[in-house]
Amino acid sequence: MTLLTCRIDAGIACVTLDNPPVNALSAAVRRALWDMAETLDADPAVRAVVLTCAGRTFIAGADVREFGQPPVEPHLPDVVARLEGAAKPWVAAIHGAALGGGLEVAMGCRFRVAAPTARVGLPEVTLGIVPGASGTVRTPRLVGMAAAVDLVTSGRHWPAAKALEAGLLDAVLDGDLTEAAMGFARRALEKDLPDPASARPLSPMPEEFWTEARKTAARAGHAAPLAALDCLRCASEAPFAEAMAKERETFLALRPTPEAQALRHVFFAERAAPRPAALKEVAPRALQRVGVIGGGTMGAGIAAACREAGLEVVLIERDDAALARGLAAVEAIFDGAMARGKLSQADRAARSDGLSGSTGYDRLAEADLVIEAVFEDAAVKRAVFAELGRHCRADAVLATNTSYLDPRGLTEGVPHPERMLGLHFFSPAHVMKLLEIVPLPDTAPEVLATGFALARALGKMPVQAGICEGFIGNRILKRTRAEAEQLVRRGVPLAQVDAAMRAYGFRMGPFEAQDLGGLDIAYLQREGARADGQDVPETLGDLLVRAGRKGQKTGGGWYDYAEGDRRPQVSPTVEALLAPHVAAADPLPPEAIAAALVGAMAAEGQALLAEGIAQAPADIDLVKIHGYGFPRWKGGPMFAAALEMPSI
Ligand code: 3HC
Ligand code: NAI
C-alpha cells in the first residue's frame with residue numbers, strides 16, 4: 001500500500017498520509033516522510049507543502065506497537081528536523097487528533113492549521129514515557145513554558161480553539177480542510193515566513209515555578225511526568241541541541257521500564273475490551289429510552305449517567321416518598337456537575353427535561369432498556385422482574401445491577417430470556433468507569449452487544465464477566481480483604497498494611513477503604529450466608545461490626561475518626577478488640593505486604609480465568625484499575641504478577 005500520495009496544484013503540493021487505523025508513525029511512514037521532503041525540495045514546481053491525513057485522524061503518534069523493538073532509522077526527531085529544515089514550508093492540516101509524535105511532526109512544519117473539531121496533545125506521559133521527538137523542546141517555544149508544562153506533564157488533549165489561543169495552531173479553518181489549508185499555504189507564501197519553532201526564543205522561569213510544577217507532576221504517582229518536567233526545564237536553560245539530546249535520552253531510558261510496559265499494556269487492553277471479537281459482526285439494539293428501577297445510591301447514579309449520555313430516563317420507585325428522594329438525588333448530581341462548571345444552565349435544564357419518575361410500571365411500555373437497582377434481596381428483585389415481564393416490550397433489554405445474587409434466579413420464568421443481562425455498575429455509578437457485563441445462559445448476542453454499546457455511550461469501560469458470587473471485581477476484593485486480615489492476624493499492624501498499599505499506588509489501603517464504604521454490607525452478606533447454613537469463617541471485620549464499629553459513618557471502624565475529620569487514627573479500642581486474635585507485632589517491609597496482597601488478587605484472577613468467569617488476564621487488570629483504584633502504571637494485578645513471576 002502507498003503510505004504517502006502527492007498531488008501538486010498551482011505550486012502547492014498536497015501530501016496525504018494513509019496508514020490506517022490512526023496514521024501512526026511506523027518506521028515505513030518515517031522513511032516515506034523523509035523521502036517525500038527530499039523529493040519535494042528538489043521539485044521546482046513546488047513552493048509549499050500541505051500535509052494531510054486520510055481516515056479518522058491526523059497522525060496519532062509513534063506506533064506504540066514498535067516500542068518493544070530496537071529503534072529503526074530514520075528516527076522521528078530527525079524526520080521532524082528534516083521537515084522543519086525543508087526548503088519549501090510545510091503546513092500541517094490537522095483533523096481528528098494530532099497526538100504525541102503526530103503533534104511533533106506538526107511542530108516541525110512551519111505552520112499548523114486545523115479543523116474546528118480537531119484536538120492536539122502530548123499524551124506520552126500516559127504511556128510512561130516523555131515526548132521523544134522534540135515535544136518538550138519545541139512546544140515551550142511555541143506556547144510558552146507554563147502552557148507547555150500543562151500540556152506535556154498532564155497528557156491532556158487541547159481542543160483546537162484552545163490550541164489556537166495558546167499559539168500552537170496558526171489557524172482553525174472551516175469547510176474542506178485540505179482545500180482550506182492549500183489556500184492558507186498560498187496566502188502564507190505572500191508574506192515573510194515566521195521562524196521555525198526551534199529558532200524561537202525561550203526565557204528561563206523562576207525557581208518557584210519549577211517547585212510548584214514538580215508538586216503537581218508528582219501527584220501522578222509515577223516517574224514520567226517528573227521526567228518530562230526535567231526535560232522542559234532543560235529546554236529552557238540549555239541550548240536547543242542539548243535539550244533535544246536530554247529528551248531523547250530520557251525517552252529511550254523510560255521506554256523499557258516496567259511502568260511504561262504496564263501503561264502500554266493498559267492502553268491496548270482498554271482498546272480491546274470494549275470490542276469483543278465474538279461480537280464484531282453483531283449489531284446492538286438501538287437505545288433511546290431507559291427505565292431505572294430503584295432510585296437509591298446506585299439507581300440515582302445510573303440514571304444520571306444515562307442522562308449524561310442523552311438517554312431519556314424514567315425512574316421507578318416503590319412509593320411517592322422514595323420516588324421524590326430518588327429524583328432529588330439525580331437532580332443533585334446534575335447540580336453538582338453545574339457547580340463544577342461541567343454543565344451550562346441550558347444543558348442542566350435539558351438533563352432534568354429528559355428525566356421523569358413513576359411508582360407504576362406502565363411508563364416502561366416503550367423502554368428500550370430497563371436496569372434494576374433495588375435492594376439486594378432476591379425476593380424483591382424477582383418481583384420486579386415479574387412486573388417487567390408483564391409491562392415491557394418483548395425486545396426490551398432487561399438488566400440487573402445485583403452485586404452478588406445469581407441473575408439466573410432473579411429472572412427465572414420471565415418471558416424472552418434472550419433479553420436478560422447483568423449490568424454491574426460501581427459506586428458512584430455516574431463517576432466510576434467500570435461496567436461488568438454479565439451474559440446469562442440464554443442472552444442473545446445482540447443483547448450482549450447492546451450492553452457494550454451502552455458502555456460506550458456512557459463512557460464506561462466494559463468488561464465481560466461470567467456468573468459467580470461477586471463476578472470478577474467483588475470476588476477478588478473478598479480474597480484481598482481476607483489476605484489483608486491474614487497479615488493482621490500474623491502480627492502486621494493494620495496501619496502498615498494500608499500504608500504499604502498507598503505506597504504501592506492505591507489512594508487508600510484496604511482497611512481505610514472499608515471504613516469509607518462501611519463494614520456492615522459485607523458483614524450482612526456473610527451473616528445471610530451463615531443463616532443459609534453456609535460455612536463462612538468468622539472474620540476480624542465481624543468482631544468490629546458486632547462492637548458497633550461500621551466505619552466512618554459510626555465514628556470508627558478499623559480506625560477511629562474525630563468528628564468531621566476523615567483522617568484515620570490508630571484505634572486503641574480496635575487493638576484491644578483484636579488482641580486475642582492476632583500474633584505479637586511482626587512488621588513486614590511494605591514491598592512484602594504489597595506483594596502478598598497483589599499476589600492474592602492475581603491468584604483469585606487465575607481462578608476466575610480457570611473457571612471461565614473472566615475471559616482474559618487483561619480484563620481482570622481493567623476491572624481492578626477502573627473499579628478498585630489499582631494504580632494504572634502497575635498494569636493491574638495480572639500484569640504485575642506476571643512481571644514478578646513470568647509463569648503466571
Ligand atoms: N500506535 C499503534 N496503534 C495505535 C496507536 C498508536 N499510537 N493509537 C491507536 N492505535 C490503534 C488502537 O490500538 C486501535 O487498534 P485496534 O483497532 O486494533 O484495537 C486503533 O488504533 C484505533 O484506536 P482507538 O480505538 O483508540 O480509536 P479512536 O478513534 O477511538 O481514537 C485516537 C483515536 C484518539 C488517535 C486514539 O487512538 C489515541 O489516543 N491514540 C493514542 C495516541 C497516543 O498515545 N500517541 C502517543 C504515542 S507515543 C509517541 O508518539 C512518542 C513520540 O513522542 C515519539
Ligand atoms: P439502596 O438501598 O441505596 O437503594 C435501593 C432502592 O431501591 C431504594 O431507593 C428503594 O426504595 C428502592 N426499591 C426497593 N424495592 C423497590 C421496588 N420493589 N420497586 C422500586 N424500587 C424499589 O441500594 P443500592 O446501594 O443502590 O443498591 C441497589 C442494587 O445495586 C443492589 O442490588 C446492590 O447490590 C447493587 N450494587 C450496589 C453497589 C453499592 O456500592 N451500593 C455497587 C454495585 C451494585
Side-chain angles (χ1 to χ4, degrees), residues 219 221 296-302 304 329 332-333 336 340 373 376 401 403-404 424-434 436 470 473-485 487-488 492-526 539-575 577-578 590 593-594 597-598 600-601 623-632 637:
R219 278 190 216 126
T297 309
M298 294 306 290
I302 294 167
I333 294 172
R340 287 193 308 279
E376 185 76 344
N401 182 47
S403 305
Y404 293 99
H424 186 220
F425 288 81
F426 287 73
S427 179
H430 59 293
V431 176
M432 295 296 288
K433 284 260 173 221
L434 180 62
E436 283 179 329
N474 282 344
R475 209 174 107 174
I476 294 179
L477 181 67
K478 192 170 171 183
R479 169 85 174 255
T480 316
R481 285 181 173 167
E483 182 67 25
E485 284 205 3
L487 291 173
V488 172
V492 184
L494 62 95
Q496 277 188 13
V497 176
D498 281 337
M501 296 317 278
R502 269 187 272 108
Y504 186 78
F506 282 84
R507 295 272 294 281
M508 262 183 247
F511 297 110
E512 295 159 340
Q514 285 180 65
D515 275 358
L516 181 66
L519 278 71
D520 46 332
I521 301 167
Y523 169 77
L524 288 174
Q525 202 215 336
R526 287 192 294 274
T539 70
L540 298 180
D542 291 339
L543 299 174
L544 266 64
V545 176
R546 289 194 190 117
R549 301 186 66 95
K550 296 181 187 171
Q552 286 189 24
K553 61 186 171 188
T554 58
W558 295 99
Y559 296 93
D560 289 338
Y561 297 86
E563 184 78 34
D565 188 346
R566 285 165 168 260
R567 279 171 305 177
Q569 311 294 334
V570 169
S571 168
T573 316
V574 170
E575 283 177 343
L577 206 60
L578 300 186
I593 295 172
L597 293 193
V598 173
M601 293 175 204
V623 165
K624 294 304 293 178
I625 289 168
H626 290 292
Y628 298 84
F630 197 101
R632 196 180 166 82

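These numbers were taken from a predicted model, which means no experiment stands behind them.
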Go through the steps for Thr539 and Arg481 under the test side chain to side chain contact (heavy atoms under 4.5 Å, CB included), then give the verdict.
-> CA-CA 10 Å; Thr539 70; Arg481 285 181 173 167; over 6 Å; no

In short, salt bridge (charged side-chain N to carboxylate O under 4.0 Å, His left out) pairs touching residues 539-548 with sequence neighbours left out are Arg526-Asp542, Glu527-Arg546, Arg530-Asp542, Glu538-Arg546

Give, for atom [atom1] of [X] and atom [atom2] of [Y], the distance between the pair rounded to the nearest 0.5 Å.
{"X": "His626", "Y": "Met432", "atom1": "NE2", "atom2": "CE", "value": "10.0 Å"}
{"X": "Arg632", "Y": "Ile625", "atom1": "CZ", "atom2": "CD1", "value": "6.5 Å"}
{"X": "Lys550", "Y": "Tyr523", "atom1": "NZ", "atom2": "OH", "value": "9.0 Å"}
{"X": "Gln569", "Y": "Tyr561", "atom1": "CD", "atom2": "OH", "value": "9.0 Å"}

Using every non-hydrogen atom in the two residues, find where [X] and [Y] come nearest and quote the distance to one decimal.
{"X": "Gly473", "Y": "Glu436", "answer": "N-OE2, 2.8 Å"}
{"X": "Ile593", "Y": "Val497", "answer": "CG2-CA, 3.9 Å"}
{"X": "Leu519", "Y": "Gln514", "answer": "CD1-O, 3.5 Å"}
{"X": "Ile302", "Y": "Ala373", "answer": "CD1-CB, 4.3 Å"}
{"X": "Ala300", "Y": "Ile333", "answer": "O-CD1, 3.9 Å"}
{"X": "Met501", "Y": "Pro510", "answer": "CG-CD, 3.8 Å"}

Main-chain N/O of Met298 paired to Asn401 side chain as donor or acceptor, under 3.5 Å = no

Checking Thr554 side chain against Gly556 main chain: does a donor-acceptor pair fall under 3.5 Å?
-> yes

Kindly write out the residues that satisfy side-chain hydrogen bond (donor to acceptor under 3.5 Å, both in side chains) with [X], not counting sequence neighbours, or none if the list is empty.
{"X": "Asp560", "answer": "Arg549, Ser571"}
{"X": "Lys433", "answer": "none"}
{"X": "Glu376", "answer": "Thr402"}
{"X": "Lys478", "answer": "Glu469"}

Student check: side-chain heavy atoms of [X] and [Y] closer than 4.5 Å:
{"X": "Gln552", "Y": "Glu512", "value": "no"}
{"X": "His424", "Y": "Ser403", "value": "yes"}
{"X": "Met508", "Y": "Asp515", "value": "no"}
{"X": "Leu578", "Y": "Leu494", "value": "yes"}

Intermediate values then yes/no, side chain to side chain contact (heavy atoms under 4.5 Å, CB included), Leu597 and Leu487 | CA-CA 9 Å; Leu597 293 193; Leu487 291 173; 4.0 Å; yes

Determine whether the aromatic ring centres of Tyr628 and Phe506 lie less than 6.0 Å apart.
-> no

Please step through side chain to side chain contact (heavy atoms under 4.5 Å, CB included) for the pair Phe511 and Val488, ending with a clear verdict.
-> CA-CA 11 Å; Phe511 297 110; Val488 172; 3.5 Å; yes

Go through the structure and list residues passing ring-ring contact (aromatic ring centres under 6.0 Å, His included) with Tyr504, not counting sequence neighbours.
->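 For Tyr504 the ring-ring contact (aromatic ring centres under 6.0 Å, His included) partners, ignoring immediate neighbours, are Phe630.
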
Leu544 and Trp558: CA distance, side-chain angles, deciding distance, side chain to side chain contact (heavy atoms under 4.5 Å, CB included) verdict = CA-CA 7 Å; Leu544 266 64; Trp558 295 99; 3.6 Å; yes

